[in-house]
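Along the sequence shown, residues are numbered consecutively beginning with 1. The analysis underlying the following values was restricted to heavy atoms, covering all of them including side chains, and did not include hydrogens, waters or symmetry mates.
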Amino acid sequence: MKMKNILSKILVVVLIAFTSCEDMDDINVNPNNPTDVSSSLIITDLIVSTSFRVASGDYNYYASVYAEHNVGIYNQFYTAEVRTTGPQVAATYNNTWEALYTNLYNAQVIIDKCSEEGSEAGNFHTLGIAQTIAAFNLATLTDGVGDAPWSEALQPGQIFNPVLDKQEDIYNDIIGLLDAAVANLAKETEYPSLDKQDPIFGGDADSWAKTANALLARYKLRLHAVKPDLNGVLANAEAGFSSAGEECKLDYNTIGGKSPFQAFFDDRDYYGASKSLHDKLIALSDPRADVLWKVHPEAEDQDNIVFAKSGDPDQVGQVQNLFSVSAVTSQDAPSFLISYHELEFIKAEAFARKDMDTEAEEALKNAIIASFEKIAYVFDEDDDVEQIAEDYFTNQVKPRFDANPLSEVMIQKYIALFEEEAFQAYCDIRRLKALGEGDIISLSHPEASKFPLRYTYGSSDVTTNKNIENAYADVDVFVDNVWWAGGSK
């Protein structure tokens with residue numbers, strides 16, 4: 001990687017205790033430039049950066065366009081929408097590209113410190129948390145770009161032009177990191193809990209172990225077209241979350257500040273309400289069709305919801321303040337590393353593929369109810385959201401499930417992942433295409449052949465690493481699938 005970029009972006013918070021006396025041995029030591037920092041002081045920024053810049057960063061924003069959760073109506077998102085330059089340009093995803101490698105570097109620092117020969121050997125719970133977060137970042141990276149620098153990366157001052165590893169090898173390491181995390185989080189440790197330095201779970205090892213298992217279920221299912229392991233998926237899923245209260249998400253009420261999608265709307269306002277998604281909800285008689293969108297606050301017409309057509313440059317134009325916007329976008333919407341409803345959809349799919357329809361139906365119902373409750377704030381205050389979800393399941397979902405279990409699971413999951421979890425929906429669309437099931441989630445973009453099958457490498461390394469420059473030149477984002485979707489790179 002471009003290590004000088006990575007190192008310049010590493011952020012750690014150091015607390016310095018001053019005393020009235022100085023040891024003469026320390027007279028030439030600058031206390032504001034420490035050579036070693038506790039893992040507990042690195043991990044807070046790692047968790048926040050992973051949540052804000054990766055789980056809810058540009059990868060997710062652009063996935064929301066490609067999956068037709070939203071429509072890009074202005075500037076870079078318009079060019080991505082109409083496929084003129086956005087999907088092919090190295091600068092498009094560079095912010096997240098740099099964030100991913102910064103996070104991976106910081107996670108590796110913690111892993112090294114807490115491993116057997118490190119300065120914090122025996123700090124098993126912090127080790128397990130760092131391994132979990134490293135696996136999430138690594139999976140997001142390779143799910144986006146396919147083959148990527150990994151085994152030779154993260155070595156500043158030693159390797160300046162790391163080679164690209166194959167996605168299959170990277171996925172082996174992802175699974176290995178998560179398996180190791182589960183093992184380490186189960187161990188006893190004499191180190192104190194991270195407590196408030198972990199803004200998601202307060203350092204609770206059991207919660208992070210459930211997260212690691214949930215991620216194992218997600219990533220094993222992602223490999224279904226190339227390495228099917230439904231029993232493994234279900235085993236890990238069962239060891240994951242049992243309720244929405246246990247899911248892995250960063251709550252912005254906890255740390256302060258705006259949610260990423262709210263900040264993106266306030267700063268850029270590049271999205272319009274998706275007619276494609278709305279049409280699907282209408283066809284499914286889904287009650288969310290009436291609540292998922294709101295009039296743009298600066299639109300001249302404050303009485304009508306105005307939808308944008310995916311990929312239609314004449315209809316979309318580059319016009320702001322016209323199209324309606326997502327009502328899910330809010331100040332407090334969290335960033336999910338993985339949600340309870342996604343995990344229940346994973347179980348439902350695995351059961352459906354094993355023809356275990358009773359179990360699949362139960363998991364699907366749990367997932368739908370949880371996904372409605374995730375966005376309860378878009379309904380009227382007096383609405384019983386759980387009852388609305390149950391009625392929808394009984395009257396609309398179940399008959400379609402009885403006719404085609406897998407199809408209904410996947411379309412309901414696609415809807416439930418709306419906005420904050422769009423990258424996972426984007427990955428599902430590519431995976432279904434690889435399995436010959438691409439018609440389950442129909443997209444309305446008029447140029448179907450220009451659906452981006454992958455993301456580009458970041459421009460900061462395309463211009464500095466010959467290996468990445470060559471890979472960038474060799475990939476057509478509209479033609480070349482990643483390995484788990486049937487490609488070779």
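For Phe401, there are no ring pair (Phe, Tyr, Trp, His ring centres under 6.0 Å) partners two or more places apart in sequence or in a different chain. Partners of Arg353 according to the salt bridge (Lys or Arg N to Asp or Glu O under 4.0 Å) rule, which considers only residues two or more places apart in sequence or in another chain, are Glu349, Glu437. The side-chain contact (heavy atoms from CB on, under 4.5 Å) check on Pro199 picks up Thr44, Ile47, Val48, Leu250, Ile255, with sequence neighbours excluded. Residues meeting the side-chain contact (heavy atoms from CB on, under 4.5 Å) test with Asn253, sequence neighbours left out: Asp251, Asp332. With sequence neighbours left out, the ring pair (Phe, Tyr, Trp, His ring centres under 6.0 Å) criterion links Phe77 to Tyr62, Phe264, Tyr270, Tyr271. Under the side-chain contact (heavy atoms from CB on, under 4.5 Å) criterion, Asn95 pairs with Asp58, not counting sequence neighbours. With sequence neighbours left out, His278 forms a ring pair (Phe, Tyr, Trp, His ring centres under 6.0 Å) with Trp293, Phe307. Not a single salt bridge (Lys or Arg N to Asp or Glu O under 4.0 Å) links Glu373 to another residue, sequence neighbours left out. Applying the side-chain contact (heavy atoms from CB on, under 4.5 Å) criterion to Asn321, with sequence neighbours excluded, gives Asp269, His296, Glu298. Evaluation of the ring pair (Phe, Tyr, Trp, His ring centres under 6.0 Å) rule for Phe393 yields no partner, not counting sequence neighbours.
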Enumerate donor-acceptor pairs with a distance under 3.5 Å from any side-chain N or O in residues 481-489 to protein atoms, sequence neighbours excluded.
unit_1, atom_1, unit_2, atom_2, d
Trp484, NE1, Asp143, OD1, 2.9
Lys489, NZ, Asp474, O, 3.0
Lys489, NZ, Asp474, OD2, 3.1

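For Tyr455 and Tyr426, the ring centers are positioned less than 6.0 Å apart.
When only modelled atom types and interatomic distance are considered, Thr92 and Gln76 share no side-chain donor-acceptor pair under 3.5 Å. Judged purely by distance below 3.5 Å, without hydrogens or angles, the side chains of Lys347 and Asn366 never pair a donor atom with an acceptor atom. The closest side-chain donor-acceptor pair between Ser444 and Asp279, if any, does not fall under 3.5 angstrom.
If you run ring-ring contact (aromatic ring centres under 6.0 Å, His included) between Tyr61 and each of Tyr66, Tyr93, Phe423, Phe261, only Phe261 comes through.
For the salt bridge (charged side-chain N to carboxylate O under 4.0 Å, His left out) condition, the pairs that include at least one residue of residues 439-448, sequence neighbours left out, are Glu447-Lys450.
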